[in-house]
Amino acid sequence: MKNILVVSHCILNKASKVEQDESELAEEYRQRDELLRLALDKDIQLMQLPCPEFIMYGASRWGHVKDQFDTPFFRSTCREILKPIMMQLKEYASKPGRFDIIGITSVEGSPSCGHSLTCRAEWGGELGKEPAPAEVRMVNEPGVYMEVLSEMMAEYGLGIPVFSIPEAAARITKL
């Protein structure tokens with residue numbers, strides 16, 4: 001049996017993340033490295049989700065919050081880029097003796113790929129009018145991409161769990 005772990009894009013490709021002070025990401029990168037080492041050690045197959053932020057806004061984008069991505073266009077684009085992923089997951093799920101989809105790994109805090117934690121703020125207008133750090137708040141809810149992914153999994157009849165990076169590492173450790 002082949003075990004498959006679906007991962008948010010930036011878990012395998014840090015270059016796709018919004019440019020920022022890398023020291024602020026030290027803990028996320030440590031967790032990511034641990035997850036990937038475990039996956040390799042346990043011969044887990046990795047399937048990478050496309051990154052909607054990079055696809056739509058590229059490498060020179062600035063940081064956003066969920067409120068900015070919660071638009072019909074962003075949601076529609078997420079659905080479009082996830083259609084081939086859903087078909088692949090449906091195919092793997094149709095062969096339970098050959099494949100086990102362990103889960104999907106989120107990146108907590110992301111306005112797109114957070115599953116249990118995302119950032120929100122009333123943010124818009126001129127570039128020089130960034131919200132004060134106190135205005136950006138972390139909330140216990142999914143980012144827009146993970147919301148769309150969950151909706152589509154329900155439509156495709158897929159009951160695949162979504163894990164944070166540490167939760168995915170703990171799940172792999174038990175295999």
**Q** Tell me whether Lys14 at atom NZ has more than 12 heavy atoms from other residues, nucleotides or ligands lying less than 6.0 Å away.
**A** yes
**Q** Please answer: with hydrophobic residues joined when any side-chain heavy atoms are less than 4.5 Å apart, are Tyr92 and Leu149 in the same cluster?
**A** yes
**Q** Looking only at non-hydrogen atoms, find the nearest pair between Val162 and Ser106 and report the distance.
**A** CG1-CB, 4.1 Å
**Q** More than 12 heavy atoms of other residues, nucleotides or ligands under 6.0 Å from CD of Glu19: is that the case?
**A** no
**Q** Which heavy atom in Ile101 sits nearest to a heavy atom in Leu89, and how many Å separate them?
**A** CD1-O, 3.6 Å
**Q** Assigning hydrophobic clusters by single linkage (Ile, Leu, Val, Met, Phe, Trp, Tyr; side-chain heavy-atom cutoff under 4.5 Å), is Val6 placed with Phe163?
**A** no
**Q** For the residue pair Cys51 and Arg61, what are the closest heavy atoms and their distance?
**A** SG-NH2, 4.5 Å
**Q** Excluding sequence neighbours, so at least two apart, what forms side chain to side chain contact (heavy atoms under 4.5 Å, CB included) with Cys113?
**A** Ser8, Val107, Ser110, Tyr145, Met146
**Q** Go through the structure and list residues passing salt bridge (Lys or Arg N to Asp or Glu O under 4.0 Å) with Asp33, not counting sequence neighbours.
**A** none
**Q** Does the plane of the ring in Tyr57 sit parallel, tilted or perpendicular to the ring in His64? Use 30° and 60° as the thresholds.
**A** parallel
**Q** Minimum heavy-atom separation for Glu108 to Ser116, with atom names?
**A** OE1-N, 2.8 Å
**Q** Please report the closest heavy-atom contact between Leu46 and Ala39, naming both atoms and the distance.
**A** CD2-CB, 4.0 Å
**Q** Apply side chain to side chain contact (heavy atoms under 4.5 Å, CB included) to the pair Arg120 and Glu141, showing each step before the final yes or no.
**A** CA-CA 10 Å; Arg120 299 199 77 149; Glu141 60 186 55; 2.6 Å; yes
**Q** Walk me through it: do Arg32 and Glu28 pass the test salt bridge (Lys or Arg N to Asp or Glu O under 4.0 Å)?
**A** CA-CA 6 Å; Arg32 171 195 162 277; Glu28 178 186 318; over 6 Å; no
**Q** If you apply the rule salt bridge (Lys or Arg N to Asp or Glu O under 4.0 Å), what do you find for Arg75 with Glu80, and how did you get there?
**A** CA-CA 9 Å; Arg75 286 180 175 275; Glu80 285 302 311; over 6 Å; no
**Q** Mind checking whether Asp21 and Glu24 have side chains closer than 4.5 Å, heavy atoms only?
**A** yes
**Q** Hydrophobic clusters here meaning ILVMFWY residues chained together by side-chain heavy-atom distances under 4.5 Å, can you tell me if Val148 and Met47 are in one?
**A** yes
**Q** Is it true that Arg171 and Glu167 make a salt bridge, defined as a side-chain N closer than 4.0 Å to a carboxylate O?
**A** no
**Q** Is Glu34 salt-bridged to Arg30, going by a charged N under 4.0 Å from an acidic O?
**A** yes
**Q** For Phe54, what residues pass the ring-ring contact (aromatic ring centres under 6.0 Å, His included) criterion, not counting sequence neighbours?
**A** none
**Q** Is there a side-chain contact between Leu25 and Gln20 (heavy atoms, below 4.5 Å)?
**A** yes
**Q** Where do Ile102 and Leu175 land on the side chain to side chain contact (heavy atoms under 4.5 Å, CB included) test, with the steps shown first?
**A** CA-CA 10 Å; Ile102 297 168; Leu175 295 177; 3.6 Å; yes
**Q** Do Pro52 and Ile81 have side chains that get closer than 4.5 Å, going by heavy atoms?
**A** yes
**Q** Within the structure provided, determine whether Phe74 and Val144 are in side-chain contact (heavy-atom separation under 4.5 Å).
**A** yes
**Q** For residues 41-51, which residue pairs pass the salt bridge (Lys or Arg N to Asp or Glu O under 4.0 Å) check, not counting sequence neighbours?
**A** none
**Q** Quick check: do Val7 and Ile165 have side-chain heavy atoms less than 4.5 Å from each other?
**A** no
**Q** Do the charged groups of Lys17 and Glu53 touch, with an N to O distance under 4.0 Å?
**A** no
**Q** Do any side-chain atoms of residues 152-161 form donor-acceptor pairs under 3.5 angstrom with protein atoms, and if so which ones, sequence neighbours left out?
**A**
from, atom 1, to, atom 2, distance (Å)
Glu155, OE1, Arg79, NH2, 2.5
Glu155, OE2, Arg79, NH2, 3.1

**Q** Who passes ring-ring contact (aromatic ring centres under 6.0 Å, His included) against Tyr29, sequence neighbours left out?
**A** none
**Q** For a 4.5 angstrom cut-off between non-hydrogen side-chain atoms, does Leu49 reach Ile11?
**A** no
